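Predicted model, so just to flag it, every value in this text is computed and none were measured. Sequential numbering from 1 along the given sequence is applied to the chain's residues.
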Amino acid sequence: MQKIPFIQDTNDVEHIAGITSAFPYTMHRRDLTTDVIPWHWHEEVEFNYAYQGSIEIQTFDHTYIIKQGEAYFINTNVMDKKQKAAGSSKTVEHAHLFHPILLGGYFNSAFYTKYLNPVLKNRSVEVLVIREANPTGKKFITFLHQLTELADQSDKEFEIRNLLSQAWLTLIAEIKFQEQHQQLTVSPRERSKNILAYLHKHYAEKVTINDIATAVNVSPKECIRSFKKNIHQTPIEYLLNYRVEQAKKLLRQSELSITDVALQTGFSTSAYFSKIFKERVGLTPREYRQSQNTTVSD
């Protein structure tokens, strides 16, 4: 079996052998019998199959055991370590690695917004174990076998991308299946943490409750309920308060106009920004800036 080089940069980002900008996909037959893949991360996602033996994957929060004949998904930018599981002898996996751009095209495409981002930005899905016992799991594993057959053939880029697309749709269905059957569980506290992380990252953008719910893979009603139980505010109330706090920093520390401060902190207009700001601070943005001894003409 060919030895796959493992190369990392100074930030522990793996540079994957075989991935190119022309076709950001590769298939590795990894022998984990004696090798350990150290802690690393990369933007590429993984559709992998335990061909022989069992595999242990460690992340910061969990340890996953993938048994022979099972598949698994590793999400983008997940820090993980991989080795053979205790008790296994010969351990081999078939790893299909690809950058999401292969399926999504440009980043604001419908493919990204409707199909890729709900998984890529779902912080509760870092590693997903997929078994043939589930209907969607069996379908997903079939796609992986077909990909393995194509990987060694030339001029199969279209077929490979088509199979990856079908596997991705099946992955979405598998995530829903596991949630419905309580195989994939997220505590209310962890879900609230995921919502906070999403809001802190996207506060400057247009954000709706549907966007937030999609990001954490729950219904809008459940998103509001679980967040309010732990944070004692709705996600939108928290978002407005967070935007105001970020705006206060800009008013104190920059010479941006009131309109620019509003736009950079996620408010659609300066009038709406001023209304929300005064409700929460008791001063208009201009009055707040003046109270901080900042004299900047707007």
Salt bridge or not between Glu245 and Lys249? Use side-chain N to carboxylate O under 4.0 Å. no
Between His28 (side chain) and Ala17 (backbone), is there a donor-acceptor pair under 3.5 Å? yes
Which atom of Val129 lies closest to which atom of Tyr72, heavy atoms considered: CA-CB, 4.2 Å
Decide whether Leu164 and Phe107 are clustered together by the hydrophobic rule: side chain heavy atoms of Ile, Leu, Val, Met, Phe, Trp, Tyr closer than 4.5 Å, transitively. yes
Any chance the rings of Trp39 and Phe60 have centres within less than 6.0 Å? yes
How are the rings of His96 and Tyr25 set to each other: parallel, tilted or perpendicular (split at 30° and 60°)? parallel
Please determine if Lys90 and Asp31 form a salt bridge, counting it only when a charged side-chain N lies under 4.0 Å from a carboxylate O. yes
Describe, in one word, how the ring planes of Tyr51 and His94 are oriented to each other, choosing from parallel (under 30°), tilted (30 to 60°) and perpendicular (over 60°). parallel
Would you say CZ of Arg161 has more than 12 non-hydrogen atoms from neighbouring residues, nucleotides or ligands within 6.0 angstrom? no
Taking the six-membered ring for Trp, is the centroid-to-centroid distance between Phe277 and Tyr288 below 6.0 Å? yes
Exercise: identify the closest heavy-atom pair between Ile141 and Ala71: CG1-CB, 3.7 Å
Identify which one of Arg30, Lys84, Gln52 satisfies the side-chain contact (heavy atoms from CB on, under 4.5 Å) criterion when paired with Glu93. Arg30
Flag, side chain of Asn75 to backbone of Val119, donor-acceptor distance under 3.5 Å: yes
Heavy-atom pair with the smallest gap, counting every atom of Phe47 and Ala167: CE1-CB, 3.6 Å
Going through the checks in order, is the salt bridge (charged side-chain N to carboxylate O under 4.0 Å, His left out) test met by Lys121 and Asp211? CA-CA 11 Å; Lys121 294 183 178 182; Asp211 296 328; over 6 Å; no
